[in-house]
2 protein chains.
Amino acid sequence: MVTIRDVAQASGVHVSTVSRTFSAPHLVSAETRNRVLAVAEGLGYRPNRAARALTTGRTHNLGLIVADIANPFFPPLIKAAQAQARERDYHVFVADTDENPLMEQELIETLCKQVDGVLLCSPRLSNRVIERLRAQVPFAVVNRRVKGLPTVLMDVGQGVRAAVEHLAGLGHRRIALLSGPSGSWTSEEMHATATDAAVEAGVDLTVLRPNEPTEQGGLAAAAAVAGSGMTGVLCHNDLVALGLIEGLRGRGLDVPGDLSVIGVDDSLPGRLNRPKLTTITMPTAAAGRMAVDLLLAAVNAGDAGTAALARLETTLIVRESTGPAVPAAPAARLPAGRAVR
Amino acid sequence: MVTIRDVAQASGVHVSTVSRTFSAPHLVSAETRNRVLAVAEGLGYRPNRAARALTTGRTHNLGLIVADIANPFFPPLIKAAQAQARERDYHVFVADTDENPLMEQELIETLCKQVDGVLLCSPRLSNRVIERLRAQVPFAVVNRRVKGLPTVLMDVGQGVRAAVEHLAGLGHRRIALLSGPSGSWTSEEMHATATDAAVEAGVDLTVLRPNEPTEQGGLAAAAAVAGSGMTGVLCHNDLVALGLIEGLRGRGLDVPGDLSVIGVDDSLPGRLNRPKLTTITMPTAAAGRMAVDLLLAAVNAGDAGTAALARLETTLIVRESTGPAVPAAPAARLPAGRAVR
DNA sequence: ATGAAAGCGCTAACAG
DNA sequence: CTGTTAGCGCTTTCAT
């Protein structure tokens, strides 16, 4: 292993000069700097960040904790966060908690010594625990409100409102919300906004909860939806929507012919599905970048700065899984298109 | 920050005793050990891994480098690798190269000082460079053959052979291989095996290459496939297959009615698609676990051990995107089902 | 602008 | 079994 000492020796200067060449180049004469740089290059020298961390207290590492790497919601976020971090000369540890709060806590505690900050994505941990842990290491949070922490929220409410209006506009009078796990900020937000929007649009909303946030959850919910008279369904995410469509199909129901289904995430499976899923985009990549920047800002500000809160817009993308309502029961048949409102 | 020194002071022993309590407990009397442990617990002491690394030379970190986190092939592998690593008390840096070899090299070089080993997944780097870099840090490789390096191969050949036989059995006489980027081990392997298998099965194989390994690549290839007389297509991965199906559909061609399409990966989008994609499973999770274990073995053996090579089996999963061949041209109509062989 | 020296948190011989 | 000491690679005063 080639160290700062080797470089110093080979270029005939003291170690501190080499150190400065890398961490405070302006304090070194151009001539010396170039010589040192050349020698370092030749020797293949790379600063040891761990050793540097020991003196500076800065590891230049970040921790990124997610519930489930394999959930298609996360990869774009991870990718963006990791890219943004590297842009800022940070490396990132990625850890998966398997949706387990204890694992999450354990992870934070073992990771915190090697990172300058931790990014929590849709954490399952209680706010209480997060607030306690926060003494150990700076946090930033995605899709969760924790008092005083830098936060990035993907404002699913906007999209939900648009989705409800879209369904109402297509003549759907009875709609369902297939809610996700309770305790999730996104779930609560969806629930609250959908309830409001339904009242405003004059449609009837039934909340079915909680559902596994997976294809299985959607599949299982098909039983409750089919034959219930509800013709429009807003699902917790694309996976649930896809599962629901599958389950409905198994019961001889067509989407969008018989029912309209909307997902959330704008994930790859939804885009590739037939019918292409009408969905609410979650700006996951932007959230990842943003969160890294807020986290880094918090890290560099110490406890000084006020915690930033970024709300990212979501929008409804209308594709093929929604269409005009077809009354299931002998109800008044409405003209196709915008019947209500 | 609470250090080993604080614990030593508070429990009335010397720092080295505290150190031993954590890194070599058997060298400390039960009584002392318990006292130290209790004090440490009370103070919330956590060993600083970076500092430890400085003396031991072991960081207990691993680097995991992939071409594209958002490609659905990788997340299950990342998840499994990361879980396995944690099981062994290792943390993992995850980095995305954006399919860029230079980025890959740069990443390896900056990461290598903070990790005990690097896991390269489907690397885009040339073997020459990898072999040079290997002096810096131990490697393990997934889906690439590099002389002397611990390797995990997902033996796509088995699946490809089965796929070709499956198509032949369904009466397809002219089949296409939508190959991926050249230089990829998996691509080459698919190419070689498909060629062999086609000869053995007595079918005509046309290789279309190279294609972007994405939905777009498949979509673009639809033009070349439609009306070519080829009725069975084996694609580089599920995404390509899905794109192809989409493109075919746009040209009024039905899958599996008019053509049969097979993917590779058994990814989520393929499972959720209609028709459900016939595909070759890639045991990505197993590969991730395995690769971590081989890497750790290499790390602990120094340069001693012989480089292990693990070949993981792949198998064909027949779902809905393949069916009996329907001769496009006035060829002899064969009985449905297994017509050939 | 550069050198000297101390020290970050921890481990690893070596004594005792 | 425990204390002493030196040092990992690097940064950072403080001198010069």
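Every chain is numbered from 1 and lettered A, B, ... according to where its sequence line falls, protein lines coming before strand lines.
The stretch residues 26-41 of chain A has no heavy atom under 4.0 angstrom from DNA chain D at all. Of the residues in residues 1-18 of chain B, those placing a heavy atom less than 4.0 Å from an atom of DNA chain C are T3(B), I4(B), R5(B), S16(B), in numerical order. Contacts between residues 50-62 of chain A and DNA chain D, counted as heavy-atom distances below 4.0 Å, involve A51(A), R52(A), L54(A), T55(A), T56(A).
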**OP:** Check step by step if side chain to side chain contact (heavy atoms under 4.5 Å, CB included) holds for Q105(A) and R132(A).
**Re:** CA-CA 11 Å; Q105(A) 180 170 357; R132(A) 188 162 54 69; 3.4 Å; yes

Original post:
Which is it for T3(A) and N48(A) under the side chain to side chain contact (heavy atoms under 4.5 Å, CB included) test, yes or no, and what are the steps along the way?
Top reply: CA-CA 8 Å; T3(A) 79; N48(A) 182 328; over 6 Å; no

Subject >> CA sep, side-chain torsions, deciding dist, call: T151(B), V146(B), side chain to side chain contact (heavy atoms under 4.5 Å, CB included) >> reply: CA-CA 8 Å; T151(B) 303; V146(B) 188; 5.7 Å; no

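Other residues, nucleotides and ligands contribute at most 12 non-hydrogen atoms within 6.0 Å of the CD atom of Q9(A). For E109(B), the CD atom counts as densely surrounded, since its 6.0 Å shell holds more than 12 non-hydrogen atoms of other residues, nucleotides or ligands.
R144(B) and N127(B) are linked by a side-chain donor-acceptor pair at a separation below 3.5 angstrom, with hydrogens and angles left out of the test.
Direction of the helix axis in the helix from dA1(C)-dT16(D) to dG16(C)-dC1(D) shifts by 30° between the two five-pair termini, rounded to 10°.
Across all strands, Y45(A) comes closer than 4.0 Å only to sugar-phosphate atoms, never to a base (heavy-atom distances).
Between Y90(B) and H60(B), the angle of the ring planes stays under 30°, which puts this pair in the parallel group of the 30/60° scheme.
Among pairs with a residue in residues 120-139 of chain B, none fulfils ring-ring contact (aromatic ring centres under 6.0 Å, His included), at least two apart in sequence or across chains. Residues in residues 21-30 of chain A take part in these side-chain hydrogen bond (donor to acceptor under 3.5 Å, both in side chains) pairs, two or more places apart or across chains: S29(A)-T32(A). A salt bridge (Lys or Arg N to Asp or Glu O under 4.0 Å) check over residues 47-65 of chain B, counting only residues at least two apart or in different chains, returns the pairs R49(B)-D89(B). Within the structure, no pair that satisfies the salt bridge (Lys or Arg N to Asp or Glu O under 4.0 Å) test touches residues 22-43 of chain A, not counting sequence neighbours. The stretch residues 282-298 of chain A participates, sequence neighbours left out, in these salt bridge (Lys or Arg N to Asp or Glu O under 4.0 Å) pairs: R88(A)-D293(A).
In this structure the side chain of M282(B) reaches within 4.5 angstrom of the side chain of T186(B), judged on heavy atoms. With a 4.5 Å cut-off on side-chain heavy atoms, M154(A) and P283(A) count as touching. Counting only heavy atoms from C-beta outward, the side chains of D6(A) and L43(A) approach each other to under 4.5 Å. Looking only at side-chain heavy atoms (C-beta outward), L120(A) and L125(A) stay at 4.5 Å or farther from each other.
Looking at which nucleotide of DNA chain D each of N48(A) and R20(A) is closest to, the 5′-most match is held by N48(A).
Chain A approaches DNA chain D within less than 4.0 angstrom (heavy atoms of the protein), and the contacting nucleotides run 5' to 3' from dC8(D) to dT13(D). Nucleotides of DNA chain C that come within less than 4.0 Å of any heavy atom of chain A span, from the 5' end to the 3' end, dA1(C) to dG9(C).
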Contacts table for residues 65-82 of chain B: side-chain donor-acceptor under 3.5 angstrom, sequence neighbours left out:
| from | atom 1 | to | atom 2 | distance (Å) |
| --- | --- | --- | --- | --- |
| D68(B) | OD1 | K79(A) | NZ | 2.8 |
| D68(B) | OD1 | A70(B) | N | 3.0 |
| N71(B) | OD1 | F73(B) | N | 2.9 |
| K79(B) | NZ | D68(A) | OD1 | 2.8 |
| K79(B) | NZ | D96(A) | OD1 | 3.4 |
| K79(B) | NZ | D96(A) | OD2 | 3.1 |
| K79(B) | NZ | D98(A) | OD1 | 3.1 |
| Q82(B) | OE1 | D96(A) | N | 2.9 |
| Q82(B) | OE1 | R86(B) | NH1 | 2.7 |
| Q82(B) | OE1 | R86(B) | NH2 | 3.4 |
| Q82(B) | NE2 | K79(B) | O | 2.9 |

